[in-house]
Amino acid sequence: MVAARESSTANGTAQQVDVAVVGAGFSGLYLLHRLRKAGFTAVALEEADDVGGTWYWNRYPGARCDIQTIDYSYSFDPELEKAWTWSEKYATQPEILRYLGFVADRYDLRRDIRFKTKVTEARWDEASERWQLTTDNGPPVSCRHYIMATGCLSAPKPPEIDGVKDFKGEVYFTGRWPHDGVNLAGKRVAVIGTGSSAIQSIPLIAEQAVHLTVFQRTPNFALPAHNGPPPADRKELFESDRAAYREQARQSMAGVPYPQQTVVSWQLSDAERRERFERAWAAGDLVHILTQLWADQAVDVDGNRIVQDLIREKIRAAVEDPETAAALMPDDHPFGAKRPCLDTNYYATYNRPNVTLVNLRQEPIKAITASGITTARRNVDVDVIVFATGFDAMTGAIRAVHPITGRGGRSLTDVWAQGPQTYLGLTVEGFPNFFMITGPGSPSVLSNMAVSIEQHVDWVVDRLAALRDAGFTTIEPTATAQAGWNRHMADCSMVTLHRLANTWYTGANVPGKVQGLMPYTGGVGPYRSICDEVTSRGMLGFRLT
Ligand code: FAD
């Protein structure tokens, strides 16, 4: 690989590279590896002081993946796969972080990562046909190509409640949990939010706290993880033919090797449906229960309602207090229209005498005070507040680099004023040589992201290499192609139930965010085919210069 150079620019001495990558999580690490192998000079800029991304920041108690780790791994190097064995079906955050550190060491990636370095601005310079990146630490970067591997769930949503600053106790965010852990023993703790991070952490917090009060606005569907060692049948399938297993995942709808179901709910008797459901519930596999019950579960309200009712029955059976059980039952979105959560003892935790659920739909939070939280009906004094309030998903980290200025000085914020517009979720018209990994308009959060990330990275790096080898310096989608992709996105979403839910997929969790379904709902395999077809048809929809 050619070493990165430095040269003088108007901004001072800029680091000169072919490609700048922002982020050193799953995406940034693989990008760096592929870019080097393709002969590009590259640097990754990372705000944290080490690799890991999601798995660096999210250190709250109980943090784990919700896709089985056998699937939630890199597949690009068979030797890497042999060199690493997961200890659990759903690995913990420390184990996944160790894995990403292992990958960084194995491919010697750290030497091209500038840690503790945040990218603050990015400008396309038309004269030099290069991006100029401003950072908060060290020299600016001048690069031919600018790739944001900044993550879909990396910008925590700030609390929207008055008085947070007045609170005299301790405040934590699940997405920014202290590295040394937090001692909650003997403390009165409030958790605000009941999304995935809350559902994972609440059972463990309840074991430590003298009292835990959970403030819930919207209940989520949570499915049992039944964690333990990686399941033998799955392991066997994987070991018997790893390449075929991975290929099936790449062609699947969600990035996990399950077939497309063909039997619809009304072809099954009540007993047959229950039998399928109970089998899926016992398997403790998010993707199984999301895709394998019956073919109409994700596309038809009636087929979906049957699943919802069966899960509500489980909640009713698990939670002793009927009022608490009722409050925990989701009733405002179809099952799967919002990513369901995986739980270990979540519902049972509400049977503990030291746990209280506050239903914010009945008694909204009025304020946070010096001593705790005041709702419309009560004051709850606490020592600790944990915000598990989620992320400004998919666009938060991209928009946080401000401005990103493309051709003609247009800023991405202005271009996206009515919501994100992209071609393939990877590129934006007017922003040459700019790429996003798992950006809005790609399957991203609707998939096993390890599979989606590898597909994106491979596609982008292969295109950059082909571009260079053919003597081109810029690549940019046409306005027509972008409009066509957005139309296709809308068409796909009309045949799913996602359109019926206000979720973080649509930006509904962030006040003032423009609403619209951000991920591509057409599936991982079909999406891959489209990207491949774009290539095979002479970079259909792109302008190369
Ligand atoms: P990230 O891991 O988010 O990394 C992005 C990095 O970019 C971060 O380190 C951030 O610091 C850095 N960055 C952002 N902006 C800047 C900037 N301006 N300057 C410098 N650095 C910047 N997905 C699954 O498929 N399966 C799962 O089981 C699963 N579990 C999850 C559990 C949790 C708690 C969370 C939050 C997410 C989970 N996800 C899961 C989604 C997860 O985010 C992805 O799977 C994957 O880790 C994303 O990798 P990434 O590299 O694209 O982004």
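Just so you know, ligand 1 is whichever comes first in the structure, and atom 1 is the first atom listed for that ligand.
Aromatic pair His456/Tyr527: ring centres closer than 6.0 Å. The distance between the ring centers of Tyr72 and Tyr99 does not fall below 6.0 angstrom. When ring centroids are compared, His33 and Tyr74 stay outside the 6.0 Å threshold.
Ligand 1 lies under 4.0 Å from heavy atoms of Val22, Gly23, Gly25, Phe26, Ser27, Leu45, Glu46, Glu47, Gly53, Thr54, Trp55, Trp57, Asn58, Tyr60, Cys65, Asp66, Ile67, Tyr72, Thr117, Lys118, Val119, Ala149, Thr150, Gly151, Leu153, Ser154, Arg339, Phe391, Val401, Ser447, Asn448, Met449, Ile453.
Inspection of the Thr120 and Asp136 side chains reveals no N or O donor paired with an N or O acceptor under 3.5 Å.
Take Pro526 and apply the side-chain contact (heavy atoms from CB on, under 4.5 Å) test, not counting sequence neighbours, and it matches Met253.
Other residues, nucleotides and ligands place no more than 12 heavy atoms under 6.0 Å from the CG atom of Asp180.
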